[in-house]
Amino acid sequence: MRWLRENWLDLFIFLLIALVAAGIVLYLTGINPFARPASPGVAAPPAPAPAVAPTPAPPSSPPPSSASPEPVVTVIPLPKAPEAPAEERATEERLSGEERARAASPAPSPTGVYRVVVGAFANPENALRLKRELEARGYPARLEAAGNLTRVVVGPYATEGEAARVARALASYGAQVYRGQGAAPPEGQVYLQVGAFQKEENALALAGKLKEVGLPVVLVKNGVYRVRVGPVAEGEKEAVKAKVEALGLTALEVQ
């Protein structure tokens, strides 16, 4: 005991060195004296592998993608557009024929003698309506007097062939080719011109006023809209003039 009292410090240092050495040995050998014993049926965890620096993957072999596969898309075909009614297709074909006829025909000559009659109407408003329709399609339409009717004509054309091509394109209107500058009144009859207007609405207003009193009215479009009464027989000319003058208007005799 005396030796222990005199040498306890050396003993303590020796034991400390021994503990450190034992700890180093246990660490290198992977033995943990404080680990709990493994339960039956449960495998002990594997000893940790020595640390090794990870080897970088080669750039040419990228890691496989964990993304989900691309979904399959089903394409549904669109329904076929319904065909146009037969009547509409026929109208389109007819209009296409008119366009071809206008393209094939040269521009009408102001001095031409051939015209195409498209319609004749007792009501001047109907004649104007058809004239506007033809002008909207590019035809040089005009109004002429034809007896007590207002006639809608297209032209003039220098040759009969040019006029015939237009007449074929307008066959649905019953178009016909004629030669001449216009229809003269029947023999022994004249027209009485009551007014001339730049605007068609003014011409129609006067025409309606004359028709209300029972006078036969025609419209002529030759630069301006000319409102005429007739044709009037020579024996009735004065009576018709008086009827027009009673409305506060003046009637001039024209051919």
Side-chain angles (χ1 to χ4, degrees), residues 107-158 160 163 166-167 170 173-255:
S109 171
T111 59
V113 295
Y114 293 96
R115 287 178 169 80
V116 180
V117 181
V118 185
F121 303 87
N123 187 347
E125 293 184 7
N126 295 334
L128 271 176
R129 188 176 300 112
L130 177 58
K131 173 182 174 293
R132 288 194 295 266
E133 179 183 345
L134 293 171
E135 288 177 336
R137 296 179 183 177
Y139 290 102
R142 56 179 293 176
L143 302 177
E144 293 181 351
N148 60 349
L149 302 176
T150 298
R151 184 165 62 185
V152 183
V153 301
V154 173
Y157 297 95
E160 185 176 5
V166 175
L170 298 175
Y173 295 94
Q176 295 180 352
V177 177
Y178 81 95
R179 183 174 182 175
Q181 295 298 325
E187 187 176 354
Q189 296 182 337
V190 295
Y191 288 106
L192 300 177
Q193 182 166 304
V194 184
F197 304 91
Q198 291 288 345
K199 296 182 178 180
E200 64 181 36
E201 56 266 26
N202 295 335
L204 287 177
L206 178 56
K209 188 176 182 180
L210 295 170
K211 288 173 67 69
E212 287 177 358
V213 297
L215 295 174
V217 182
V218 295
L219 287 182
V220 175
K221 177 65 167 65
N222 186 11
V224 294
Y225 292 94
R226 306 179 191 274
V227 183
R228 295 178 179 177
V229 175
V232 180
E234 287 289 343
E236 301 175 355
K237 181 172 56 176
E238 295 304 324
V240 172
K241 283 185 178 181
K243 202 171 184 178
V244 171
E245 290 172 357
L247 298 174
L249 303 170
T250 302
L252 302 176
E253 183 178 336
V254 295
Q255 295 296 325

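Formation of a donor-acceptor pair under 3.5 Å by the Tyr191 side chain with backbone atoms of Leu252 is not found in this model.
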May I have the step-by-step check of side-chain contact (heavy atoms from CB on, under 4.5 Å) for Arg115 and Val177, ending in yes or no?
CA-CA 6 Å; Arg115 287 178 169 80; Val177 177; over 6 Å; no

Going through the distances and angles, do Val254 and Val190 end up as a side-chain contact (heavy atoms from CB on, under 4.5 Å)?
CA-CA 6 Å; Val254 295; Val190 295; over 6 Å; no

Could you please spell out the steps behind the side-chain contact (heavy atoms from CB on, under 4.5 Å) verdict for Leu192 and Val244?
CA-CA 9 Å; Leu192 300 177; Val244 171; 5.6 Å; no

In sequence, state the C-alpha distance, the side-chain angles, and the governing distance for Leu130 and Val118, and then conclude on side-chain contact (heavy atoms from CB on, under 4.5 Å).
CA-CA 9 Å; Leu130 177 58; Val118 185; 4.0 Å; yes

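Side-chain atoms of Tyr157 and Pro140, non-hydrogen and from C-beta on, do get closer than 4.5 Å to each other.
Taking CZ of Arg129 as the start and CG of Leu204 as the end, the distance is 9.5 Å to the nearest 0.5 Å. Taken to the nearest 0.5 Å, the CZ atom of Phe121 stands 10.5 Å off from the CG atom of Leu128. Atom CZ in Arg151 sits 11.0 Å away from atom CG in Leu143 (nearest 0.5 Å). Annotation: the span from Thr150 atom OG1 to Lys221 atom NZ amounts to 14.0 Å, rounded to 0.5 Å.
Contact between Ala120 and Leu149 at its shortest, heavy atoms only, is CB-CD1, 4.0 Å. When all heavy atoms of Ala127 and Val152 are compared, the pair lying nearest together is O-CG2, 3.5 Å. For Ala163 against Tyr114, the heavy-atom pair with the smallest separation is CB-CB, 3.9 Å. When every heavy atom of Val116 is checked against every heavy atom of Ala175, the shortest pair comes out as CG1-CB, 3.6 Å. Between Ala203 and Val227, the shortest heavy-atom contact is O-CG2, 3.7 Å.
In this structure, Lys199 is not positioned above the aromatic face of Phe197 in the sense of NZ or CZ being under 6.0 Å from the six-membered ring centre and within 45° of the axis.
Glu133 and Tyr173 are linked by a side-chain donor-acceptor pair at a separation below 3.5 angstrom, with hydrogens and angles left out of the test.
Between Glu200 and Arg132 a salt bridge is recorded (basic side-chain N to carboxylate O distance below 4.0 Å).
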Quick one: side chains of residues 207-220, donor-acceptor pairs under 3.5 Å with protein atoms, not counting sequence neighbours, listed by atom name and distance.
none

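Taking Glu135 as the reference, Lys131 meet the side-chain hydrogen bond (donor to acceptor under 3.5 Å, both in side chains) condition, with sequence neighbours excluded. With sequence neighbours excluded, the residues satisfying side-chain hydrogen bond (donor to acceptor under 3.5 Å, both in side chains) with Glu234 are Lys237.
No more than 12 heavy-atom neighbours from other residues, nucleotides or ligands sit within 6.0 angstrom of CD on Gln176.
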